[in-house]
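Keep in mind that this is a model prediction, so the values were computed, not measured. Chain letters run A, B, ... following the sequence lines, proteins first, then strands; residues in each count from 1.
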There are 2 protein chains.
Amino acid sequence: MAQIKDVARQAGVSVASVSRVMAGHTGVSEATRQRVLDAVQALDYRPDLAARRLRSRRTDTIGLIVSDIRNPFFTEISRAVEDMAYQHRMRVILCNADEDPEKEALYLDLMRDENVSGVILSPTLPTLARFRASDYPFPVVLVDRCDRETAADAVVLDNVDSAYRLTAHLIERGHRRIVFIYGVTSATGRQRHEGYITAMATHGLETLAKGVPATVDAARTAATELVSGRPLPDALVASNGIILLGLTEALQEARLRFPQQIALAGFDNLPWTRLVEPGITVISQPTYDLGQAAIELLLQRIAHSAQSVRRVVMRGELIERGSSAKRGG
Amino acid sequence: MAQIKDVARQAGVSVASVSRVMAGHTGVSEATRQRVLDAVQALDYRPDLAARRLRSRRTDTIGLIVSDIRNPFFTEISRAVEDMAYQHRMRVILCNADEDPEKEALYLDLMRDENVSGVILSPTLPTLARFRASDYPFPVVLVDRCDRETAADAVVLDNVDSAYRLTAHLIERGHRRIVFIYGVTSATGRQRHEGYITAMATHGLETLAKGVPATVDAARTAATELVSGRPLPDALVASNGIILLGLTEALQEARLRFPQQIALAGFDNLPWTRLVEPGITVISQPTYDLGQAAIELLLQRIAHSAQSVRRVVMRGELIERGSSAKRGG
DNA sequence: AATTATTTTGTAAACGATTACAAATATGCC
DNA sequence: GGCATATTTGTAATCGTTTACAAAATAATT
C-alpha cells in the first residue's frame, strides 16, 4: 500500500506538497500539482483515513440515530441523509435506538468516542425532555421530534396543524365521535394529539383520545377494545403509520368496514394505505425532504458553529381517500 | 479531554499498562488493573479511536452495503446486522446502493479506504457476476444474493425451492395460466424464476414469465398490460415484495378482485399482505435471521480468515391466505 | 539460597498523515 | 538591478495510541 512519502518521492516533491494537493488546498503551483496527481495515479495512492483523522482531528463522519429503522418514515429519512452525506464526502454511522432511551444514550456516547462531526437524532421523549445541545461536543440536529422548549436545530412536520387539519376534515365529513389513538413515547404523538384536541374543542366536540406505545400490536389491541364497546366511534385516527397499521388490522379482525361502519384516517402515506379499499385518508409527510433538510442544516451548523438556532417546519399534505367519507354518503 | 498519559500518571503506572488494561489484555496484575480502572473512572478517560485505529491497524468497523434500503426486507436485515454488530462492539457504516452497480463499486472502494474489518453485501447482478472475494482486502459476506458459481461466504433463502413450492401450491389450487413477474436486476429474481419454471414444467404447464426492473412502477405497468389482454391469466406471482405491491396496485386499478377473477401470490410477508382482503399468499423470509446469520458468518471469517467458504441457506415459509384460493371454491 | 522460569512492568519506537514555521523562489515596482 | 512582497516549497514536530523489546519483579525448582 503506497504511502504519502512514496508519492512524494515519485513526484519529486515533499510530503507536505502531496498533502496539500490531496486536501485541495490553494497555494500550490500547477506544475507540482500535476506531478503529484500523476504520482497518485501511478501508485494508486489512497490516504490513510485513520492517520488523517488522528492528525487533523476531523472525521468527516456524521451519526444518524433513528428511533425505529423499521418505520418506513425513518427508512426514508436515512436514505436522504445517506444520499446527501456521501455527496458531501461524509460517512454515515447508522444507529437504531429502537425507541429505547438507554440505547439512545449509549449511541450518543459512542458518537462522542467516534468524534463525529455532527449527529442527526430523532429522540425519544425522555431524551428530548432533558436535551441540551451544549451537553454534546458535536452539533446535533433533531429530526421529526422536537418540542417548543428545546433550543436546538430541528427539522419537523407542522404536527399540530396537520393533526388539526386532519381532524377538521373528519368533522367536516360529518363524523363526531372521533377517537385519536396516538403514540405516547414520542413528541410527535403528543403534538398531533394537541392538534386533535384543538380541532375538537373548536368544533365543540368531546375529545376521545387514547395514548399507546408506538407499536402495531399495542395499537391493534387498543383499537380492538375501542370498537368492541358501544356506541361505536364514528372515526379512528392514528398519530402515525405504525399505529394506523394496527388500527386497520383491528378493524379487519372485527369485520368492520370503513367508511361504512367506521371512518379511518391517520399519518404517513405508506404504500398500503391506498391499497386497502377504499383507501385510507392520510397526512403525507415529505420524508425525503425532511431528511435532506436535516443534513443540510447539520452541514451548515458544522461550517458555522455560531449561527443562530434554526427550526425548519414542513407542511403535511392531506390526502383524501375513501376511508374518511361521510357515513350516509 | 484526558489522554492515556494522564491516566498513567494518575494511576502511577506506565502508559503501556493502561493500554493493556483498556484492551482487556491478560498479563497485568490485579492491583495495577484496579488502579488503572479507578484512574480511568476519575478522569472519564475514553481512548481516542483515531489513534488506536492508526496504530493497531484495526477499525472494528463493518460495512453494510444494501441494494435498496426502502425495501423492508433490507431494512430488517440492517436492523439485525446493526443489533449484532454493536453487541460485538463493532461499528456499522451503512450504504445504500440503490440497485446501482456504480454506486456499489464506489461504496466498496470507500470500504477499502475505511479499512473496514469486513463487509456485508447484497450485490446487483453485474457486481455478482464478476465478484471475486480475493479482489477485496477485507472479507465479504454476501446476503440475499448469490449464485451457484460464486465462491464466497453467503447467507441466502432457498430461492429455487421456495418459488417451486409457491408455484406448486397455486397449481394444486387449480390454477394453470400462472404468470411469474420477477426482478431481472437481482440474482434472487432469476433463481425464483428458475423454481417457477421447474414447477410449471414438472406439471406439464406452459411457462409465462415476465422480467421487470424491481420497482413498484415497473411491476404495476407490466401487470396492467398483462391483465388487459385476454384470456386473463389464472394467477400472478411476484418474485419479491416490491413487485408484489406493484401487482396488487395494478389489480386494484383494473378492478380485478382476487382470487375471484385472478389469483395472486408472491414473496415477502409484508404487513400489508394480510391487510388487503382476503390476504395475499406469500413466501415469508426469515429476514432478521438472515441478517443475523450474515454478521455471524462475517465475524467468524474475520476471526479465522482461512476457514472454508460457507453458505447458509434458509427455508422460506409458505403462508397461505385467500388470494391463492381455488377459483370455483 | 541460588538458579531458572514466569509474570509484570516500563521505555521508546512505530502507525501515516497534517500543519507550523522557516526557507526558497517568484513576482511587482521603481 | 535592487528591494519589498507574495507565492511556493520543504523540514520536522505532532496527533494519541499500541506494541516490540528489555528490564524488573515474582514464583518455582532444585
> Taking CG from Asn115(A) and P from dC15(D), how many angstroms apart are they, rounded to a whole number?
Replying inline: 15 Å
> Taking only side-chain nitrogens and oxygens of Tyr45(B), does any of them come within less than 4.0 Å of OP1 or OP2 of dG16(D)?
Replying inline: no
> Expressed in angstrom and rounded to an integer, what is the separation of Leu54(A) atom CG from dT14(D) atom P?
Replying inline: 14 Å
> Starting at NE2 of His25(B) and ending at P of dT9(C), how long is that distance when rounded to a whole Å?
Replying inline: 14 Å
> Thr26(B) or Arg55(B): which one's nearest nucleotide on DNA chain C is closer to the 5' end?
Replying inline: Thr26(B)
> Between dT17(D) atom P and Ile4(B) atom CD1, what is the distance in whole Å?
Replying inline: 6 Å
> Whole-Å distance between dT14(D) P and Lys5(B) NZ?
Replying inline: 10 Å
> Quick one: Glu30(A) CD to dA26(C) C1', roughly how many Å, whole number?
Replying inline: 16 Å
> Separation of Arg57(A) atom CZ from dT17(D) atom C1', in whole Å?
Replying inline: 10 Å
> Is it true that Asp6(A) and Arg9(A) have a side-chain N and a carboxylate O under 4.0 angstrom from each other?
Replying inline: yes
> For Gln3(B) and dT18(D), what is the distance between atoms CD and P respectively, to the nearest whole Å?
Replying inline: 12 Å
> Out of dG16(C), dA20(D), dT19(C), which nucleotide sits closest to the side chain of Ser19(A)?
Replying inline: dT19(C)
>> Looking at Arg145(A) and Glu99(A), is there a salt bridge between them, counting it only when a charged N and a carboxylate O are closer than 4.0 Å?
In response: yes
>> On DNA chain C, does the nearest nucleotide to Ser56(A) precede the nearest nucleotide to Ala16(B) from the 5' side, or the other way round? Give the residue.
In response: Ala16(B)
>> Applying a 4.0 Å non-hydrogen cut-off, can you work out what Arg53(B) is touching in the nucleic acid: base, sugar-phosphate, or nothing?
In response: nothing
> Taking the side chain of Ser14(A) as heavy atoms from C-beta outward, which of dA17(C), dG16(D), dG10(D) is closest to it?
Replying inline: dG10(D)
> Any ion pair linking Glu76(A) and Arg79(A) (charged N to carboxylate O, less than 4.0 Å)?
Replying inline: yes
>> When you measure from the side-chain N and O atoms of Ser17(A) to the phosphate of dG10(D), is any distance below 4.0 Å, counting only OP1 and OP2?
In response: yes
> Charged N to carboxylate O below 4.0 Å: is that the case for Asp48(A) and Arg55(A)?
Replying inline: no
>> Using a strict threshold of under 4.0 Å (side-chain N to carboxylate O), is an ion pair present between Arg130(B) and Asp135(B)?
In response: no
>> Would the base of dG16(D) count as contacting Arg46(B) through its side chain, where contact means a donor and an acceptor less than 3.5 Å apart?
In response: no
> Taking the side chain of Asp48(A) as its heavy atoms from C-beta onward, which of dT17(D), dA17(C), dG10(D) lies nearest to it?
Replying inline: dA17(C)
